[in-house]
Novice: 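Once you've had a glance at the structure underneath, I'll fire off some questions.
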There are 2 protein chains.
Amino acid sequence: MASSAPSGLTLRAREIVEAARGLLEEEGPDALTMRRVAGRLGIRAPSLYKHLSGKEALEAALISDGFVELAEVFEAAVRGAEDPLGALAVAYRDFALRRPHLYRLMTDRPLRRDLLAPGVEERAARPLVEAAGGDQNLARAAWAFAHGMTILELNGRFPPAADLGAAWREGLSAFRRS
Amino acid sequence: MASSAPSGLTLRAREIVEAARGLLEEEGPDALTMRRVAGRLGIRAPSLYKHLSGKEALEAALISDGFVELAEVFEAAVRGAEDPLGALAVAYRDFALRRPHLYRLMTDRPLRRDLLAPGVEERAARPLVEAAGGDQNLARAAWAFAHGMTILELNGRFPPAADLGAAWREGLSAFRRS
DNA sequence: GTCTATATCAAGATAGAC
DNA sequence: GTCTATCTTGATATAGAC
(Lines give C-alpha, C1' and ligand atoms only; values in the text may rest on other atoms or scores of the structure.)
Protein backbone atom coordinates (compact mmCIF):
# COMPACT_ATOMS: atom_id res chain seq x y z
CA MET A 1 0.00 0.00 0.00
CA ALA A 2 2.72 2.38 -0.99
CA SER A 3 3.88 4.46 1.98
CA SER A 4 5.75 3.33 5.08
CA ALA A 5 9.14 3.77 6.77
CA PRO A 6 10.18 6.66 9.01
CA SER A 7 10.95 8.72 5.93
CA GLY A 8 7.47 8.28 4.48
CA LEU A 9 8.95 6.72 1.35
CA THR A 10 8.19 3.35 -0.18
CA LEU A 11 10.91 0.73 -0.06
CA ARG A 12 11.78 1.25 -3.69
CA ALA A 13 11.86 5.01 -3.27
CA ARG A 14 14.27 4.53 -0.38
CA GLU A 15 16.56 2.55 -2.63
CA ILE A 16 16.44 5.30 -5.19
CA VAL A 17 17.31 7.95 -2.61
CA GLU A 18 20.21 5.86 -1.42
CA ALA A 19 21.52 5.44 -4.94
CA ALA A 20 21.24 9.19 -5.39
CA ARG A 21 23.10 9.78 -2.18
CA GLY A 22 25.98 7.60 -3.27
CA LEU A 23 26.19 9.38 -6.58
CA LEU A 24 26.07 12.80 -4.97
CA GLU A 25 28.78 12.04 -2.48
CA GLU A 26 31.07 10.26 -4.91
CA GLU A 27 30.75 12.48 -7.94
CA GLY A 28 29.12 15.71 -6.92
CA PRO A 29 25.97 17.54 -7.90
CA ASP A 30 26.48 17.36 -11.67
CA ALA A 31 26.28 13.59 -11.45
CA LEU A 32 22.91 13.78 -9.76
CA THR A 33 20.75 13.29 -12.83
CA MET A 34 17.71 11.09 -13.13
CA ARG A 35 19.52 9.03 -15.74
CA ARG A 36 22.56 8.41 -13.59
CA VAL A 37 20.49 7.58 -10.55
CA ALA A 38 18.46 5.08 -12.53
CA GLY A 39 21.61 3.65 -14.07
CA ARG A 40 22.99 2.95 -10.64
CA LEU A 41 19.99 0.73 -9.99
CA GLY A 42 20.18 -0.94 -13.39
CA ILE A 43 16.98 0.65 -14.64
CA ARG A 44 15.98 3.52 -16.92
CA ALA A 45 15.20 7.06 -15.91
CA PRO A 46 11.47 7.02 -16.69
CA SER A 47 11.00 4.19 -14.19
CA LEU A 48 11.96 6.51 -11.34
CA TYR A 49 8.82 8.52 -11.86
CA LYS A 50 6.71 5.60 -10.69
CA HIS A 51 8.32 5.99 -7.27
CA LEU A 52 9.10 9.67 -6.86
CA SER A 53 7.35 12.62 -8.39
CA GLY A 54 10.50 14.13 -9.87
CA LYS A 55 13.91 15.51 -9.19
CA GLU A 56 12.76 18.05 -6.64
CA ALA A 57 11.25 15.31 -4.52
CA LEU A 58 14.45 13.31 -4.79
CA GLU A 59 16.54 16.26 -3.63
CA ALA A 60 14.13 16.97 -0.80
CA ALA A 61 14.48 13.38 0.38
CA LEU A 62 18.27 13.71 0.34
CA ILE A 63 18.04 16.92 2.32
CA SER A 64 15.65 15.37 4.82
CA ASP A 65 18.10 12.54 5.37
CA GLY A 66 20.85 15.11 5.84
CA PHE A 67 18.91 16.91 8.56
CA VAL A 68 18.26 13.66 10.40
CA GLU A 69 21.95 12.81 10.29
CA LEU A 70 22.94 16.28 11.42
CA ALA A 71 20.48 16.05 14.30
CA GLU A 72 21.98 12.74 15.38
CA VAL A 73 25.49 14.11 15.20
CA PHE A 74 24.47 17.18 17.21
CA GLU A 75 22.63 15.17 19.83
CA ALA A 76 25.65 12.93 20.31
CA ALA A 77 27.97 15.93 20.52
CA VAL A 78 26.18 17.72 23.34
CA ARG A 79 25.59 14.54 25.33
CA GLY A 80 27.64 15.12 28.48
CA ALA A 81 29.75 17.85 26.87
CA GLU A 82 31.17 20.46 29.20
CA ASP A 83 31.45 22.94 26.34
CA PRO A 84 28.30 22.37 24.26
CA LEU A 85 28.91 25.26 21.88
CA GLY A 86 32.42 24.08 21.11
CA ALA A 87 31.26 20.50 20.70
CA LEU A 88 28.54 21.55 18.28
CA ALA A 89 31.00 23.59 16.25
CA VAL A 90 33.35 20.66 15.86
CA ALA A 91 30.46 18.37 14.95
CA TYR A 92 29.12 20.84 12.41
CA ARG A 93 32.36 21.38 10.59
CA ASP A 94 33.05 17.68 10.63
CA PHE A 95 29.62 16.86 9.25
CA ALA A 96 30.10 19.25 6.35
CA LEU A 97 33.64 18.25 5.49
CA ARG A 98 32.64 14.59 5.43
CA ARG A 99 29.75 15.16 3.00
CA PRO A 100 30.51 18.41 1.25
CA HIS A 101 28.12 17.86 -1.63
CA LEU A 102 25.22 17.01 0.64
CA TYR A 103 26.03 19.98 2.86
CA ARG A 104 25.93 22.28 -0.14
CA LEU A 105 22.67 20.79 -1.31
CA MET A 106 21.25 21.43 2.16
CA THR A 107 22.32 25.04 2.44
CA ASP A 108 22.96 26.50 -1.00
CA ARG A 109 19.49 27.59 -1.88
CA PRO A 110 16.01 28.25 -0.61
CA LEU A 111 14.58 25.24 1.20
CA ARG A 112 11.49 23.57 -0.16
CA ARG A 113 10.14 23.00 3.32
CA ASP A 114 6.86 21.73 1.91
CA LEU A 115 8.71 18.73 0.48
CA LEU A 116 10.76 17.86 3.56
CA ALA A 117 10.00 15.11 6.02
CA PRO A 118 8.14 16.87 8.85
CA GLY A 119 10.13 18.14 11.77
CA VAL A 120 13.62 17.31 10.57
CA GLU A 121 14.81 20.88 10.27
CA GLU A 122 13.57 21.76 13.77
CA ARG A 123 15.16 18.68 15.26
CA ALA A 124 18.56 19.58 13.82
CA ALA A 125 18.28 23.15 15.08
CA ARG A 126 17.25 22.34 18.65
CA PRO A 127 20.64 21.44 20.20
CA LEU A 128 22.13 24.75 19.11
CA VAL A 129 19.25 26.79 20.48
CA GLU A 130 19.63 24.96 23.77
CA ALA A 131 23.38 25.54 23.82
CA ALA A 132 22.65 29.23 23.32
CA GLY A 133 20.55 29.18 26.48
CA GLY A 134 17.39 29.66 24.45
CA ASP A 135 18.59 32.97 23.02
CA GLN A 136 17.41 32.79 19.41
CA ASN A 137 19.46 35.74 18.26
CA LEU A 138 22.61 34.28 19.68
CA ALA A 139 21.80 30.92 18.14
CA ARG A 140 21.25 32.50 14.74
CA ALA A 141 24.47 34.48 14.94
CA ALA A 142 26.41 31.39 15.96
CA TRP A 143 24.87 29.36 13.16
CA ALA A 144 25.74 32.07 10.66
CA PHE A 145 29.33 32.07 11.88
CA ALA A 146 29.56 28.28 11.62
CA HIS A 147 27.96 28.18 8.20
CA GLY A 148 30.16 30.99 6.95
CA MET A 149 33.35 29.32 8.16
CA THR A 150 32.23 26.02 6.69
CA ILE A 151 31.04 27.10 3.28
CA LEU A 152 33.94 29.47 2.75
CA GLU A 153 36.27 26.61 3.58
CA LEU A 154 34.45 24.27 1.19
CA ASN A 155 34.63 26.90 -1.51
CA GLY A 156 38.35 27.35 -0.98
CA ARG A 157 37.91 31.00 -0.17
CA PHE A 158 40.42 31.32 2.65
CA PRO A 159 44.12 31.58 1.78
CA PRO A 160 45.78 28.17 1.72
CA ALA A 161 48.01 29.24 4.59
CA ALA A 162 45.11 30.39 6.77
CA ASP A 163 44.86 28.77 10.19
CA LEU A 164 41.18 27.92 10.17
CA GLY A 165 41.31 26.24 13.56
CA ALA A 166 42.46 29.56 14.99
CA ALA A 167 39.67 31.45 13.24
CA TRP A 168 37.09 29.01 14.59
CA ARG A 169 38.48 29.45 18.10
CA GLU A 170 38.45 33.20 17.73
CA GLY A 171 34.80 33.19 16.76
CA LEU A 172 33.77 30.65 19.33
CA SER A 173 35.40 32.48 22.19
CA ALA A 174 33.68 35.66 21.07
CA PHE A 175 30.30 33.95 21.14
CA ARG A 176 31.00 32.24 24.43
CA ARG A 177 31.44 35.60 26.11
CA SER A 178 27.88 36.46 25.10
CA MET B 1 45.34 47.05 -30.38
CA ALA B 2 42.78 45.40 -28.22
CA SER B 3 43.37 46.02 -24.51
CA SER B 4 42.84 49.17 -22.48
CA ALA B 5 40.64 50.49 -19.62
CA PRO B 6 41.20 49.92 -15.91
CA SER B 7 39.58 46.51 -16.22
CA GLY B 8 41.93 45.34 -18.95
CA LEU B 9 39.02 44.76 -21.29
CA THR B 10 38.42 46.21 -24.72
CA LEU B 11 35.61 48.71 -25.12
CA ARG B 12 33.37 46.14 -26.72
CA ALA B 13 34.15 43.59 -24.06
CA ARG B 14 33.16 46.16 -21.45
CA GLU B 15 29.81 46.61 -23.15
CA ILE B 16 29.31 42.87 -23.08
CA VAL B 17 30.12 42.66 -19.40
CA GLU B 18 27.69 45.46 -18.69
CA ALA B 19 24.94 43.74 -20.64
CA ALA B 20 25.65 40.58 -18.68
CA ARG B 21 25.49 42.48 -15.43
CA GLY B 22 22.10 43.91 -16.25
CA LEU B 23 20.79 40.50 -17.16
CA LEU B 24 22.18 38.91 -14.01
CA GLU B 25 20.73 41.52 -11.71
CA GLU B 26 17.35 41.69 -13.39
CA GLU B 27 16.70 38.03 -14.06
CA GLY B 28 19.15 35.97 -12.07
CA PRO B 29 21.83 33.46 -12.93
CA ASP B 30 19.73 31.28 -15.24
CA ALA B 31 19.33 34.23 -17.56
CA LEU B 32 23.08 34.61 -17.83
CA THR B 33 23.58 32.68 -21.05
CA MET B 34 25.73 33.65 -23.99
CA ARG B 35 22.60 33.85 -26.14
CA ARG B 36 20.77 36.21 -23.82
CA VAL B 37 23.81 38.41 -23.30
CA ALA B 38 24.31 38.70 -27.03
CA GLY B 39 20.60 39.31 -27.56
CA ARG B 40 20.73 42.25 -25.20
CA LEU B 41 23.28 43.85 -27.51
CA GLY B 42 21.35 42.96 -30.65
CA ILE B 43 23.92 40.46 -31.84
CA ARG B 44 24.32 36.66 -31.90
CA ALA B 45 26.07 34.54 -29.33
CA PRO B 46 29.02 33.48 -31.48
CA SER B 47 30.02 37.10 -31.93
CA LEU B 48 30.82 37.33 -28.22
CA TYR B 49 33.72 34.98 -28.67
CA LYS B 50 35.58 37.59 -30.68
CA HIS B 51 35.70 39.73 -27.55
CA LEU B 52 35.83 37.35 -24.62
CA SER B 53 37.24 33.87 -24.49
CA GLY B 54 34.09 32.31 -23.10
CA LYS B 55 31.60 32.24 -20.29
CA GLU B 56 34.17 31.74 -17.56
CA ALA B 57 35.95 34.91 -18.61
CA LEU B 58 32.65 36.77 -18.63
CA GLU B 59 31.81 35.63 -15.13
CA ALA B 60 35.29 36.49 -13.92
CA ALA B 61 34.86 40.00 -15.28
CA LEU B 62 31.55 40.33 -13.44
CA ILE B 63 33.17 39.13 -10.24
CA SER B 64 36.10 41.50 -10.66
CA ASP B 65 33.68 44.39 -11.02
CA GLY B 66 31.89 43.18 -7.90
CA PHE B 67 35.08 43.24 -5.87
CA VAL B 68 35.90 46.74 -7.02
CA GLU B 69 32.44 47.94 -6.01
CA LEU B 70 32.64 46.19 -2.68
CA ALA B 71 36.03 47.77 -2.04
CA GLU B 72 34.61 51.21 -2.80
CA VAL B 73 31.67 50.63 -0.51
CA PHE B 74 33.96 49.43 2.27
CA GLU B 75 36.37 52.30 1.87
CA ALA B 76 33.53 54.80 2.07
CA ALA B 77 32.07 53.03 5.12
CA VAL B 78 35.18 53.18 7.27
CA ARG B 79 36.00 56.75 6.29
CA GLY B 80 35.65 58.65 9.54
CA ALA B 81 33.56 55.92 11.16
CA GLU B 82 33.73 55.65 14.92
CA ASP B 83 32.68 52.02 14.77
CA PRO B 84 34.48 50.62 11.72
CA LEU B 85 33.41 47.02 12.30
CA GLY B 86 29.76 47.98 12.57
CA ALA B 87 30.01 50.25 9.55
CA LEU B 88 31.57 47.47 7.48
CA ALA B 89 28.85 45.05 8.55
CA VAL B 90 26.10 47.40 7.44
CA ALA B 91 27.88 48.08 4.18
CA TYR B 92 28.39 44.38 3.53
CA ARG B 93 24.82 43.35 4.10
CA ASP B 94 23.60 46.28 2.09
CA PHE B 95 25.90 45.46 -0.81
CA ALA B 96 24.62 41.90 -0.95
CA LEU B 97 20.94 42.71 -0.60
CA ARG B 98 21.17 45.25 -3.37
CA ARG B 99 22.79 42.81 -5.83
CA PRO B 100 21.90 39.36 -4.55
CA HIS B 101 22.69 37.55 -7.78
CA LEU B 102 26.08 39.16 -8.13
CA TYR B 103 26.84 38.46 -4.49
CA ARG B 104 26.02 34.80 -5.00
CA LEU B 105 28.16 34.66 -8.10
CA MET B 106 31.02 36.14 -6.11
CA THR B 107 30.81 33.76 -3.18
CA ASP B 108 29.00 30.58 -4.19
CA ARG B 109 31.89 28.62 -5.58
CA PRO B 110 35.63 28.37 -5.84
CA LEU B 111 37.16 31.56 -7.20
CA ARG B 112 39.02 31.48 -10.47
CA ARG B 113 41.63 33.89 -9.18
CA ASP B 114 43.71 33.41 -12.33
CA LEU B 115 40.93 35.08 -14.34
CA LEU B 116 40.31 38.03 -12.02
CA ALA B 117 41.58 41.54 -12.50
CA PRO B 118 44.75 41.69 -10.39
CA GLY B 119 44.47 42.92 -6.84
CA VAL B 120 40.72 43.35 -6.63
CA GLU B 121 40.14 40.66 -4.03
CA GLU B 122 42.89 42.00 -1.78
CA ARG B 123 41.61 45.55 -2.07
CA ALA B 124 38.14 44.51 -0.95
CA ALA B 125 39.55 42.55 1.99
CA ARG B 126 41.84 45.26 3.33
CA PRO B 127 39.37 47.47 5.22
CA LEU B 128 38.14 44.53 7.26
CA VAL B 129 41.62 43.37 8.17
CA GLU B 130 42.39 46.91 9.29
CA ALA B 131 39.19 47.13 11.32
CA ALA B 132 40.25 43.90 13.02
CA GLY B 133 43.47 45.58 14.08
CA GLY B 134 45.46 43.41 11.73
CA ASP B 135 44.33 40.20 13.44
CA GLN B 136 43.80 37.85 10.49
CA ASN B 137 41.98 35.23 12.52
CA LEU B 138 39.56 37.75 13.88
CA ALA B 139 39.05 39.20 10.41
CA ARG B 140 38.33 35.75 8.99
CA ALA B 141 35.91 34.90 11.75
CA ALA B 142 34.09 38.20 11.30
CA TRP B 143 33.91 37.70 7.55
CA ALA B 144 32.51 34.22 8.06
CA PHE B 145 29.85 35.61 10.38
CA ALA B 146 28.91 38.33 7.91
CA HIS B 147 28.84 35.98 4.96
CA GLY B 148 26.82 33.42 6.91
CA MET B 149 24.22 35.98 7.99
CA THR B 150 24.04 37.35 4.48
CA ILE B 151 23.80 34.17 2.47
CA LEU B 152 21.39 32.53 4.87
CA GLU B 153 19.20 35.60 4.59
CA LEU B 154 19.40 35.57 0.80
CA ASN B 155 18.51 31.90 0.82
CA GLY B 156 15.52 32.52 3.04
CA ARG B 157 16.86 30.21 5.69
CA PHE B 158 15.91 32.18 8.78
CA PRO B 159 12.30 32.05 9.99
CA PRO B 160 10.24 34.88 8.51
CA ALA B 161 9.68 36.26 12.00
CA ALA B 162 13.38 36.27 12.88
CA ASP B 163 14.81 39.63 13.92
CA LEU B 164 17.93 39.64 11.78
CA GLY B 165 19.00 43.05 12.94
CA ALA B 166 19.16 41.65 16.46
CA ALA B 167 21.18 38.65 15.32
CA TRP B 168 23.64 40.94 13.54
CA ARG B 169 24.01 43.06 16.66
CA GLU B 170 24.49 39.99 18.80
CA GLY B 171 27.31 38.74 16.57
CA LEU B 172 28.90 42.14 16.17
CA SER B 173 28.99 42.84 19.86
CA ALA B 174 30.57 39.44 20.43
CA PHE B 175 33.32 40.23 17.93
CA ARG B 176 33.83 43.72 19.25
CA ARG B 177 34.70 42.32 22.64
CA SER B 178 37.58 40.43 21.00
C1' DG C 1 32.85 42.56 -35.99
C1' DT C 2 29.06 39.94 -37.13
C1' DC C 3 26.75 36.39 -39.44
C1' DT C 4 24.72 31.42 -40.48
C1' DA C 5 25.16 26.81 -39.80
C1' DT C 6 26.42 23.35 -37.04
C1' DA C 7 28.70 20.24 -33.66
C1' DT C 8 28.08 18.37 -29.35
C1' DC C 9 26.00 17.42 -25.45
C1' DA C 10 22.76 16.97 -21.85
C1' DA C 11 18.89 17.69 -19.13
C1' DG C 12 13.76 16.59 -17.01
C1' DA C 13 9.71 14.65 -18.12
C1' DT C 14 5.60 12.05 -20.44
C1' DA C 15 2.88 8.49 -23.27
C1' DG C 16 1.77 4.23 -23.72
C1' DA C 17 3.06 -0.73 -24.36
C1' DC C 18 4.19 -4.88 -21.81
C1' DG D 1 7.54 -1.89 -12.17
C1' DT D 2 9.95 -1.37 -16.21
C1' DC D 3 10.51 -0.52 -20.93
C1' DT D 4 11.17 2.18 -25.60
C1' DA D 5 10.41 6.16 -27.98
C1' DT D 6 10.00 10.76 -27.83
C1' DC D 7 9.17 15.70 -26.56
C1' DT D 8 11.00 19.87 -25.29
C1' DT D 9 14.41 22.66 -24.07
C1' DG D 10 18.57 24.39 -23.53
C1' DA D 11 23.49 25.14 -23.23
C1' DT D 12 28.78 26.40 -24.88
C1' DA D 13 31.44 26.58 -28.53
C1' DT D 14 33.69 26.37 -33.44
C1' DA D 15 34.18 26.93 -38.66
C1' DG D 16 34.17 29.72 -42.12
C1' DA D 17 31.80 33.26 -45.03
C1' DC D 18 31.06 38.21 -45.49
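So that the names make sense, note that chain A is the first sequence line, chain B the second, and so on, each numbered from 1.
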Novice: Can you check the Glu15(B) CD to dT2(C) C1' distance for me, whole Å?
Specialist: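 Value for this atom pair: 14 Å.
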Novice: Check this for me, if you would: do Arg12(B) and Glu15(B) make a salt bridge, where the nitrogen-to-carboxylate-oxygen distance has to be below 4.0 angstrom?
Specialist: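 A salt bridge is present here (some side-chain N lies under 4.0 Å from a carboxylate O).
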Novice: For atom CZ of Arg113(A), decide whether the heavy atoms of other residues, nucleotides or ligands shown that lie under 6.0 angstrom number more than 12.
Specialist: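 Yes, because the 6.0 Å sphere around CZ of Arg113(A) holds more than 12 heavy atoms from other groups.
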Novice: Among residues at least two apart in sequence or on other chains, which ones pass side-chain contact (heavy atoms from CB on, under 4.5 Å) with Ala132(B)?
Specialist: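 Expected list: Leu138(B), Ala139(B).
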Novice: Pairs of donor and acceptor atoms involving the side chains of residues 37-54 of chain A, under 3.5 Å and at least two apart or interchain, shall be tabulated with distances.
Specialist:
| residue | atom | partner | partner atom | Å |
| --- | --- | --- | --- | --- |
| Arg40(A) | NH2 | Glu26(A) | OE1 | 2.4 |
| Arg40(A) | NH2 | Glu26(A) | OE2 | 3.2 |
| Ser47(A) | OG | Arg44(A) | O | 3.3 |

Novice: At a heavy-atom distance below 4.0 Å, what parts of residues 105-117 of chain A sit against DNA chain C?
Specialist: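 Here the set is empty: none.
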Novice: Which of parallel (below 30°), tilted (30 to 60°) and perpendicular (above 60°) describes Tyr92(B) and Phe74(B)?
Specialist: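 The arrangement is parallel - the two ring planes meet at less than 30°.
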Novice: So if I define the base as every atom that isn't primed, P, OP1 or OP2, how would nucleotides 3-18 of chain C read as a B/S/- string at a heavy-atom cutoff under 4.0 Å?
Specialist: BBB-----BBBBB---
Novice: Which side-chain N or O atoms in residues 79-88 of chain A pair as donor and acceptor under 3.5 Å with protein atoms at least two apart or in another chain?
Specialist:
| residue | atom | partner | partner atom | Å |
| --- | --- | --- | --- | --- |
| Asp83(A) | OD1 | Gly86(A) | N | 3.1 |
| Asp83(A) | OD1 | Arg176(A) | NH1 | 3.2 |
| Asp83(A) | OD2 | Arg176(A) | NH1 | 2.6 |

Novice: Just by distance, do the side chain of Ser64(B) and the backbone of Ala117(B) share a donor-acceptor pair under 3.5 Å?
Specialist: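 Looks like yes, one N/O pair under 3.5 Å.
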Novice: Table please: side-chain donor-acceptor pairs of residues 155-165 of chain A below 3.5 Å, with sequence neighbours left out.
Specialist:
| residue | atom | partner | partner atom | Å |
| --- | --- | --- | --- | --- |
| Asn155(A) | OD1 | Arg104(A) | NE | 3.3 |
| Asn155(A) | OD1 | Arg104(A) | NH2 | 2.3 |
| Asn155(A) | ND2 | Thr107(B) | O | 3.0 |
| Asn155(A) | ND2 | Asp108(B) | O | 3.2 |
| Arg157(A) | NH1 | Met106(B) | O | 2.6 |
| Arg157(A) | NH1 | Arg109(B) | O | 3.4 |
| Arg157(A) | NH2 | Met106(B) | O | 2.9 |
| Asp163(A) | OD1 | Gly165(A) | N | 3.3 |
| Asp163(A) | OD1 | Ala166(A) | N | 3.1 |

Novice: Give the rounded distance in Å between these two atoms: CG of Leu48(B) and C1' of dA13(D).
Specialist: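 Atom-to-atom, Leu48(B) to dA13(D), this comes out as 11 Å.
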